[in-house]
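What follows is one structure encoded as structure tokens, with my remarks underneath.
Quantities reported herein were computed from a predicted structural model and do not represent experimental measurements. Values reported hereafter were calculated over all heavy atoms of this structure, with side chains retained and with hydrogens, waters and symmetry mates removed. First listed ligand is number 1; within each ligand, the first listed atom is number 1. All residue numbers in this chain count up from 1 along the given sequence.
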Amino acid sequence: MHSPQTVSNIRALTASLFGVAAGTLGLESFPGFIFYFIGTAIVSGLIYALKAESDPEAYFFRPLADLWAGDMFVLEARLEQANLLKKVVDAIKDLVQDCNFDCNDSGIALQAMDNSHVALVSMMLKSESFSPYRCDRNIALGINLTSLQKVLRCAQSEDILTLKAEDAPDVVNMVFESSDSDRISEYDIKLMDIDQEHLGIPDTEYAATIAMPSSEFQKICRDLTGLSESVAIECTKEGVKFACNGDIGSGAVTLRSHTDIEKPDKNIEINLSEPVALTFSLKYLVNFCKASGLSDQVKLCLSNEVPLLVEYALSNNSYLRFYLAPKIGDEE
Ligand SMILES: *[C@@H]1O[C@H](CO)[C@@H](O)[C@H](O)[C@H]1NC(C)=O
Ligand SMILES: *[C@@H]1O[C@H](CO)[C@@H](O)[C@H](O)[C@H]1NC(C)=O
Ligand SMILES: *[C@@H]1O[C@H](CO)[C@@H](O)[C@H](O)[C@H]1NC(C)=O
Ligand SMILES: *[C@@H]1O[C@H](CO)[C@@H](O)[C@H](O)[C@H]1NC(C)=O
């Protein structure tokens with residue numbers, strides 16, 4: 001480390017050197033002063049850079065963040081796993097191209113319909129999923145998900161993500177910190193104005209709710225896609241049956257309630273108040289299953305003539321939900 005004494009010695013020395021140089025060059029007092037001033041400024045810069053090199057965090061990062069930018073942000077949300085947001089974006093990106101991230105005191109919410117208005121995505125990242133979380137004012141961050149995905153791909157799997165935005169922001173700032181090294185990367189994503197109505201989703205008492213391993217649901221949807229474009233989901237007290245009928249033939253997978261204390265991830269739990277049978281587009285279900293990596297279990301909620309709810313629960317009461325309108329009549 002350079003002691004303050006050394007630094008002031010360097011300053012005094014250079015001051016006289018530049019003073020002498022100004023004199024020998026025969027500059028008049030005012031230009032001479034400027035010459036001296038520029039000279040010392042260069043030296044200050046060099047000292048700063050040299051000192052910073054020995055301890056960049058202390059001299060560079062903190063002053064920049066704390067003194068000049070610290071209090072401008074109305075949103076600051078630190079997510080232990082940047083990967084979580086990356087998985088969410090990967091899961092919804094093919095359904096929704098751009099959307100508002102609505103931030104308020106209770107967390108960050110996103111709600112958007114797909115272009116054909118058949119499916120709805122609803123994400124809630126509760127403030128408890130972040131530590132710390134601060135949102136002083138309600139703000140909407142209109143983000144192009146392609147751009148967000150590009151930036152999130154720059155993160156390493158263990159990185160910590162901090163989201164920051166100013167009041168009435170033009171950009172959202174994302175900082176990735178590596179948990180095991182001193183690597184810090186910082187990105188700004190330009191925001192856009194998105195006119196999006198927030199739909200009130202009614203709280204529904206579903207006739208059937210099925211919790212099952214998300215990998216199982218993904219396999220069923222993928223397998224049946226090979227045969228048909230749609231699947232009939234039928235829930236009775238016997239179990240839940242996924243059936244399809246296509247050009248090459250037909251197929252059906254039936255699951256029954258299953259409890260394994262050793263491996264609770266593999267449990268299948270069916271709650272039924274009345275039998276339900278509905279038909280859905282497999283293309284959308286396969287798309288929803290991209291969220292399988294977010295949660296070991298998925299919950300399907302069905303009622304006749306109501307959109308299907310597919311829910312991936314995240315820790316701390318956060319969630320990613322998909323709603324899908326049933327196919328009507330014999331469209332199949
Ligand atoms: C924050 O936003 C969510 C989702 O939009 C909403 O349900 C909640 O009521 C809001 N909370 C506050 C305190 O405004
Ligand atoms: C949930 O909240 C707790 C307490 O803030 C935190 O320790 C934990 O990391 C959070 N879980 C996730 C996945 O964010
Ligand atoms: C989002 O960004 C991509 C490229 O980054 C662009 O092709 C696409 O048109 C943008 N979408 C919207 C809705 O602006
Ligand atoms: C089924 O009902 C029980 C009791 O109400 C509840 O604890 C459980 O979470 C429900 N399961 C599903 C899959 O909704």
>> To the nearest 0.5 Å, what is the distance between CG on Leu148 and CG on Leu85?
In response: 5.5 Å

> Should the heavy atoms of other residues, nucleotides or ligands under 6.0 Å from CG of Asp260 be counted, would the total exceed 12?
Replying inline: yes

> Counting both backbone and side chain atoms, is some N or O of Asn144 under 3.5 Å from an N or O of ligand 3?
Replying inline: yes

>> Take a 6.0 Å sphere around CD of Gln97 and say whether it holds more than 12 heavy atoms from other residues, nucleotides or ligands.
In response: yes

>> Using a strict threshold of under 4.0 Å (side-chain N to carboxylate O), is an ion pair present between Glu166 and Lys164?
In response: no

>> With a heavy-atom distance limit of 4.0 Å, tell me whether Asp105 approaches ligand 1 through its side chain, its backbone, both, or neither.
In response: neither

>> Give the residues near ligand 4 by chain and number, with the criterion being a heavy-atom distance under 4.0 Å.
In response: Thr209, Ala211, Glu269, Asn271

> Distance from Lys327 atom NZ to Leu282 atom CG, nearest 0.5 Å?
Replying inline: 8.0 Å

> Going by distance only, is there an N or O of Gln97 that falls short of 3.5 Å from an N or O of ligand 3?
Replying inline: no

>> List ligand 3 atoms under 4.0 Å from Met192, heavy atoms only on the residue side.
In response: 14 (O)

> Is it true that atom NZ of Lys266 has more than 12 heavy atoms of other residues, nucleotides or ligands lying nearer than 6.0 Å?
Replying inline: no

>> Suppose clustering is done on Ile, Leu, Val, Met, Phe, Trp and Tyr with side-chain heavy atoms closer than 4.5 Å. Which residues sit in the same group as Ile261?
In response: none

>> Would Asp102 count as being in polar contact with ligand 1, using the rule that some N or O on each side must be under 3.5 angstrom apart?
In response: no

> Would Tyr312 and Phe288 count as a close aromatic pair, with their ring centres under 6.0 Å?
Replying inline: no

>> Please report the interatomic distance CG(Asn144) to NZ(Lys93), rounded to the nearest 0.5 Å.
In response: 9.0 Å

> Does Asn138 reach ligand 1 with a nitrogen or oxygen that is under 3.5 Å from one of the ligand's nitrogen or oxygen atoms?
Replying inline: no

